[in-house]
Amino acid sequence: MKTKELDKIYNPKAVEEKWSKYCLEKELFKADADSKKPPFSMVIPPPNVTGSLHMGHALNNTLQDILARYKRMRGFDVLWVPGTDHAGIATQNVVEKKLHAEGVDRHKLGRSKFIERVWKWKEESGGAIIHQLKRLGASCDWSREQFTMSPELSRAVVEVFVRLYEEGLIYRDERLINWCPRCLTALSDIEVEHEEVLGKLYYIRYRLADVLTSQPLNLSTSIIEYLTVATTRPETMLGDTAVAVHPQDERYNKFIGKEVLLPLTSRRIPVIGDSILVDLEFGTGAVKITPAHDFNDFEAGNRHGLKRIAIFNERAHIKPDIPDVDPEVIKEILDLHAHKARERVIHILKEKGFLTKVEDHKHAIGKCYRCKTVIEPYLSPQWYVKVKPLSDEAMKAVEHGRTKIVPQGWENTYFEWMRNIKDWCISRQIWWGHQIPAWYCIKCNKNEIYEVHGEKNFTAKARPVVSRTEPKTCPTCGGKEIVRDNDVLDTWFSSALWPFSTLGWPDRTKELSRYYPTSALITGFDIIFFWVARMMMVGLKFMNDVPFRDVYIHALVRDAEGQKMSKSKGNVIDPLVIMDKYGTDAFRFTLSAMAAQGRDIKLAEERIEGYRNFCNKIWNLARFTLMNIQESGVRSQKSEVEYSLADKWILTRLNAAVREVTVALETYRFNDAANSIYQFIWHELCDWYVELIKGDLRGENGEERKKTAQYILVKVLKDSLKLLHPMMPFITEEIWDVLPIEEGARGKGQWAGGKSIMQQPFPKASEDYPDAEKEMNSLMEAIKAIRNIRSEMNIAPSATIEAICYSADATVRALLTSEERYIKTLAKVSDLKISAPADRPENAAVAIAGSVEIFVPLKGLINFYEEEKRLARDLEKVMKDLEGVQRKLSDENFLARAPKEVVEKDKIRVEELLQKKAKLEEGLERIKRIKSGNQAH
RNA sequence: GGGCGGAUAGCUCAGUUGGGAGAGCGCAGCCCUUACAAGGCUGAGGUCACAGGUUCAAUCCCUGUUCCGCCUACCA
């Protein structure tokens, strides 16, 4: 059989396509609910069905996949549930945009036709992200792909809704809510993004009703004829129904109970005292109250029984029927959007002398998190979840450690939000989503009906019938005319059920009992509130147990400058482009290596390039290995008697890597795992071990030695690939496929006689050889010292040299002697002398490595000036270290109080440094002597 | 306004029980040495933001200051 030659450079594309296809066809990612193995389960944070893979997804799913693959190799039956959510608003926007291009709108189409269109869109173009996740290598159980709008999951949604309603945890009420005038729907509090802007504070005078008003307004008058209010939203004054002052404010409290004339209207509104709303220090100390358009004013209105006058329609345009407003004014602003109306109102107020002052003012405005439109507080009937009883349980679960949040710092964020939680507005005025299972009897609610777009809507006073199935008749009056509530549920409502609805709930499935609670949830901090907190609440409520044991919160991916990536900034890095350019493995490894806990990831392409190089390094390691083993494969080897020092050393270092990677993955320290494996493969296995055994592999040290070296090389490579596999699934699979399985057998592709690397057990640390490790370290030090001399003395890399090693330590001499071939090979030494300290050669560069004094005779080639500089530099460094340690050791307090191991260590160190110092000084002396001798000639 | 996090090599960042400061990239020098130039060898570079405190010992713990981020909040 011919040895398979690998290409000189790793080509990810073909490899990824091949294995991706193969693993999917063979269904290697499937969980087995009947398995005897212990379960490990995760649910994917479902991406929007409209979405395409961005950096956040890539990081999130890479980390999940690393865990999934690791746990699989550790012998777990891994279930990783994939799927998408229906993304109510976003999806509806997409389809509406398409309709718009066709010249249709959804109202013309009608609700059911529209929903059909959305489903059609979903089938055709939805879920592109699923393919992209597969491309990323995500080893989800694709046979269990879920969708929040599927009939099964919809059933769970209805069930949860009805039960919560029956328990009084869901109710309907009319109050101010956050309204997006573009999406035309209510939003929950957390769907509003606050943004600080520099706005204006407008001062407007409201004339007191009971003061003589016959004379023209005189701005310089000292008699108080008016109250001046300050506002950021002058246009809402048309909806004012009171002015508030602080009851303790001596400037104004005499006006409480009086009335003012609202400018631009014929409305008289009361002056009221309210200590909650009014801050004495701010503005003028007098506040206009617009209960229908401001959350604080709404509350104040409730406290004082004020009327609510809405001045905007659902698109935040001025309504025609605002009571009391001057018709001239209405004519000017009718149907203007709020911000246009503001300009007009200010203009009119100014003209009429009501506007007294305008100043800059920083304040926050709310924007729709989907479309960035400025949100408008809007009065309407909505459905709410009463969350306090649920959040109490959810807090306890984390307090008691039933769910662990990693890194722990995020617990504060979680608790903080849970403590201040407000009822959750769950109804949305859109069509795509789970329609609320509530119906209204026309007869019973005939006074509560109002029409919007020809649809019947019901006020908060209407009495709904909430039911799992559509009622045929009204349970109260038997009436047959029944209308369903138009609203749909917040998409996050269905996401909250994801960890159990995807496992078959409300049925008591095998999966549910086996995989719930899930083992871990991996997600970004930006959806702790949206998703994690709500899953906790709902999971505890309906499953009586937490939805997951661990929550690992990872960072956000930013660009190299630390900016959040966004399309508008144009700084997005497309993961698909990156994967094309550098390969998926390199990309995944980069994300893993940069996923340090508690810090955002600044992604720079150079970093990815570096790990692409690492892939190539691994590839060439494999290539080298294949070139150096028997075509018949490698013998199996159990006995360690034939292990060389290098063999024992690399096995020991491998063990260290195995331990580090294992601990790191168990504790979600993905960057540590990546760095350990990188360090090991590149800087220990490739840089040292491979170089050390090249002679062995060439047969220079006998056939036995050759076979053993081959065996160890293959073993270490295979274990390295296994360690690496969770992070780099493709390249490891490809190499695994061509490596020898056992004695006499080689990989022939597609695991002839073997299995996929993902089905292999994760490496376990075997026997350590601590002595070999120490000895190897001494040798490496000596080799590095000689290399240093070579470089500093400008000896051509191709030239061989002579070296003399003196050591007073017989053990060390024995080591150097028995392993001299390593020094000769790696330091390119042709003539190596090892002995007890004797006469120091004169024309030689010198270096100290541990107890070994190394001389490189340079017969006239030596640059004394350079050598002196080099030695002086080394000496200086040693002196500095020595000084530090000696100072410590001369401190009685240190000797008395520090642990004796620490003191002992420092004492040994001083000894070593003193020795080194003496030798360097000697060397320096010699150089100086020679130099002066040379000069004398 | 409240809360959280960060400040370590030119850049991006590690540094978990306080005990000789690390990596990657970049930079400089020398090398196409038959696994790999997407490579090898060598090297330069840090008062660990600042000021105090605790300790025999502080990059690490405590306090304060400065400068950055982020989250959160109804001061009109």
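Numbered from 1 within each chain, the chains take letters A, B, ... in sequence-line order. These values consider heavy atoms only, across backbone and side chains, with no hydrogens, waters or symmetry-generated copies. Worth saying up front: this structure is predicted, and the values here are computed from it rather than measured.
If you check residues 779-788 of chain A against RNA chain B, the residues with a heavy atom closer than 4.0 Å are A:Lys784, A:Arg787, A:Asn788, listed by number.
As judged by a 4.0 angstrom heavy-atom cut-off over every strand, A:Phe295 is placed among residues making no nucleic acid contact. If you check every strand for non-hydrogen atoms under 4.0 Å, A:His293 touches nothing. Counting any heavy atom pair closer than 4.0 Å across all strands shown, A:Gly285 reaches a base atom. Contact annotation for A:Ala898: base contact, defined as any heavy-atom pair under 4.0 Å involving a base atom. Within the 4.0 angstrom heavy-atom criterion, base atoms lie near A:Val278. Among the protein residues, A:Asn675 comes within range of no part of the nucleic acid, since none of its heavy atoms lies under 4.0 Å from any strand.
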### Message
Generate the contact string for nucleotides 30-37 of chain B. Rules: B means base contact, S means sugar-phosphate contact only, - means no protein heavy atom under 4.0 Å.
### Response
SS---BBS

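Pairing analysis of RNA chain B (Watson-Crick: purine N1 to pyrimidine N3 plus N6-O4 or O6-N4; G-U wobble: N1-O2 and O6-N3; both under 3.5 Å) yields stems of 3 or more pairs at B:1-7 with B:66-72, B:10-13 with B:22-25, B:27-31 with B:39-43, B:49-53 with B:61-65.
In this structure a side-chain-to-backbone donor-acceptor pair under 3.5 Å is missing from A:Ser676 to A:Glu660. A donor-acceptor contact shorter than 3.5 Å links the side chain of A:Thr667 to the backbone of A:Val663.
A:Tyr369 and A:Glu191 form a side-chain donor-acceptor contact under 3.5 Å, judged by distance and modelled atom types alone.
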